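To keep things clear, I will list the structure first and then write my remarks on it.
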2 protein chains.
Amino acid sequence: MTRAPQKRRLETRARLLDVAATIVREQGYSGLRVEEVVARAGVAKGTLFSHFGDKDGLLAVLIGADVMRLLDEMESRDAPADADELAARLAPHMDYVAQDRVIFDLLLRYSGATTTPPDEVVTASFLRQVALLSDWIRPLQAAGKIRRDQPPELLAEGIQAFANHVLGLWFCREHDTVPPPAQALAPYLQAWLQPAP
Amino acid sequence: MTRAPQKRRLETRARLLDVAATIVREQGYSGLRVEEVVARAGVAKGTLFSHFGDKDGLLAVLIGADVMRLLDEMESRDAPADADELAARLAPHMDYVAQDRVIFDLLLRYSGATTTPPDEVVTASFLRQVALLSDWIRPLQAAGKIRRDQPPELLAEGIQAFANHVLGLWFCREHDTVPPPAQALAPYLQAWLQPAP
DNA sequence: TCCTTTTATTGACCATGGTCACTTTAATAG
DNA sequence: CTATTAAAGTGACCATGGTCAATAAAAGGA
């Protein structure tokens, strides 16, 4: 069986994450270079890869943590009272992802998470997102504010699908002449959640 | 103003595309290497980039052509009679994209196409896909087979969103233990297109 | 303490996409 | 036919992520 990692290893890992987070703060996710991380952390390149597998692995930890933080905030607020409020609650997450294509790509690559074992932050964050959305959806269904003919989980996944759709469009256009994703999402959710009249 | 390209250039371009297509046939899209293309086409690396901008540019031409061929077939068949048939009509496209992550990524990157000028094959193929879906949707709405409360174009985009969602999940799992995308799509379309009872 | 085994780290090396100042080839003017 | 200009093509070079046999450091046992 595999032993617990030594102190040194944990320190190295922490240092790598710390440096990487700083660089992201300075230059954004698309400005992150593996070479710069290891240089500033004072370790060899191979060390980073032994810790995170590949660059995506490092990004996953950083971005996963960001998403978790966003989810904390979402959970701390009161549940939305209708579909429009639900859409509004998603705005911070949409804005976060819309900020950098690297984030979008990374999250998309890992988004099969709904079933895979949650050994990873991104995977865990997806499970949490579905759970949270479902928790919002159930009372809305009970109150007849949104459709009741589909299970909350399917509606939740649908919301994710539309969110990704809108974000995908966002990254294909000039960002100046087009509404931000959080706003563009509204009509889709409207149509998706609308109760049968 | 820019002149028409000379014969030589057209020949070079054709040769590059031909070689690239052959390699894709032999090794799939993920096996395509720029170096191999230029080597087998007998040109320098820079030439390829001067023709297609970057590797994605080359992929876009190849994949765009594939998609156009699929659309030709879809158009040649009679229109679907209900939501389930509509889902079935999408199967070839889903299978095509599901075959290789490179295809999925490329199409996603260009999928903002609905508004951009169709100077590119992929862009054009997206416009065509939306148009085709809308053409399928309108009669179904008129016949009361699917919901009538949303414009065909929005329903069409929604279908694309769900298709991408399902494909995204597909590439996150072991492909052996999970239903193929074409099949996984059904419940979403069902819920999305279902007429108000 | 000294030897052995496991864990952690190293850095030269590789793969691959992409750039660009320069050369070659074709078209066009005089 | 030659000179001039524009288009086409070239390949050395770069950026960046990733590999892996070799080495150093720690842990464990005698």
Side-chain angles (χ1 to χ4, degrees), chain A residues 1-21 23-24 26-63 100-103 105-106 108-110, chain B residues 1-21 23-24 26-63 100-103 105-106 108-110:
Chain A
M1 64 176 265
T2 77
R3 258 177 243 196
Q6 317 178 346
K7 205 181 316 171
R8 180 168 58 134
R9 188 160 178 84
L10 294 178
E11 287 163 0
T12 304
R13 183 189 158 99
R15 190 148 25 96
L16 283 168
L17 284 173
D18 191 51
V19 166
I23 296 176
V24 167
E26 291 171 1
Q27 325 189 20
Y29 277 101
S30 13
L32 192 70
R33 295 287 163 273
V34 169
E35 298 265 18
E36 192 180 348
V37 176
V38 297
R40 284 165 68 163
V43 300
K45 217 189 226 182
T47 301
L48 187 147
F49 288 100
S50 105
H51 275 270
F52 302 104
D54 55 14
K55 191 185 176 183
D56 268 14
L58 172 61
L59 286 173
V61 174
L62 296 170
I63 292 173
D100 198 320
R101 164 136 231 159
V102 172
I103 301 176
D105 286 348
L106 191 281
L108 222 108
R109 195 169 307 277
Y110 284 68
Chain B
M1 63 176 264
T2 77
R3 261 176 240 196
Q6 317 180 346
K7 205 180 317 168
R8 180 168 59 134
R9 188 159 179 83
L10 295 177
E11 289 162 358
T12 304
R13 183 189 158 99
R15 191 146 26 92
L16 284 168
L17 284 174
D18 191 51
V19 166
I23 296 176
V24 167
E26 292 171 0
Q27 324 189 21
Y29 276 102
S30 11
L32 192 71
R33 295 286 164 271
V34 169
E35 298 264 18
E36 192 180 349
V37 177
V38 297
R40 282 164 70 163
V43 300
K45 216 188 226 182
T47 302
L48 187 146
F49 288 100
S50 104
H51 276 270
F52 302 103
D54 54 14
K55 191 185 177 184
D56 268 14
L58 171 61
L59 287 173
V61 174
L62 296 170
I63 292 173
D100 199 320
R101 164 135 230 160
V102 171
I103 302 176
D105 287 347
L106 191 281
L108 221 109
R109 196 169 305 278
Y110 284 67

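Computed from a predicted structure; not experimentally measured. Letters go in sequence order (proteins before strands), and every chain restarts at 1.
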Choosing from C:dG18, C:dT10, C:dT9, which nucleotide comes nearest the side chain of A:A44? C:dT10
Considering only heavy side-chain atoms of A:K45, the closest of D:dG9, D:dA8, D:dG18 is D:dG18
Mind checking B:S50 for me? I need base, sugar-phosphate or nothing, with any heavy atom below 4.0 Å counting as a touch. nothing
Among D:dG17, C:dT25, D:dA27, which is the nearest nucleotide to the side chain of B:R8? C:dT25
Expressed as a whole number of angstroms, how long is the span from A:E36:CD to D:dT16:P? 10 Å
Test item: A:Q6 and A:T12 side chains (from C-beta on) under 4.5 Å apart, heavy atoms: no
Report the distance from atom CZ of A:R33 to atom C1' of D:dG18, rounded to the nearest whole Å. 15 Å
Output the single nucleotide from C:dT25, D:dT10, D:dA26 whose closest atom is nearest the side chain of A:Q6. D:dA26
Round to a whole Å and report the spacing from NZ of A:K7 to P of D:dA27. 7 Å
Against the side chain of B:H51, the closest entry in D:dG9, D:dG17, C:dT9 is D:dG9
Whole-Å distance, A:L16 CG to C:dA8 C1', equals 12 Å
Please tell me which of the listed nucleotides, D:dT16, C:dG17, C:dT10, lies nearest to the side chain of B:K55? C:dG17
Before giving the answer on side-chain contact (heavy atoms from CB on, under 4.5 Å), spell out for B:L106 and B:Y29 the whole-Å C-alpha distance, their side-chain angles and the decisive distance to 0.1 Å. CA-CA 11 Å; B:L106 191 281; B:Y29 276 102; over 6 Å; no
Applying side-chain contact (heavy atoms from CB on, under 4.5 Å) to A:L48 and A:E35, what does each step give before you reach the verdict? CA-CA 10 Å; A:L48 187 147; A:E35 298 265 18; over 6 Å; no
If you check every side-chain atom of B:V43, which of C:dA8, D:dG9, D:dT10 has the closest atom? D:dT10
Phosphate OP1/OP2 of D:dG9: any B:T12 side-chain N/O under 4.0 Å: yes
Interatomic distance where CZ belongs to B:R13 and P belongs to D:dA8 [whole Å]: 12 Å
Value in whole Å for how far the P atom of C:dA27 lies from CZ of B:R9: 14 Å
Between P of C:dA8 and CG of A:L48, the distance in whole Å: 15 Å
When B:D18, B:V24, B:L32 are each screened for side chain to side chain contact (heavy atoms under 4.5 Å, CB included) with B:V37, the one that passes is B:L32
Using a 4.0 Å heavy-atom cut-off, does A:L32 contact any base of the nucleic acid, only the sugar-phosphate backbone, or nothing at all? sugar-phosphate
Out of D:dG18, D:dG17, C:dG18, minimum distance to the side chain of A:D54 belongs to D:dG18
Please determine whether a side-chain nitrogen of the Lys or Arg among B:R40 and B:E36 lies less than 4.0 Å from a carboxylate oxygen of the Asp or Glu. yes
Tell me the interatomic distance from B:F49, atom CZ, to C:dA21, atom P, rounded to whole angstroms. 17 Å
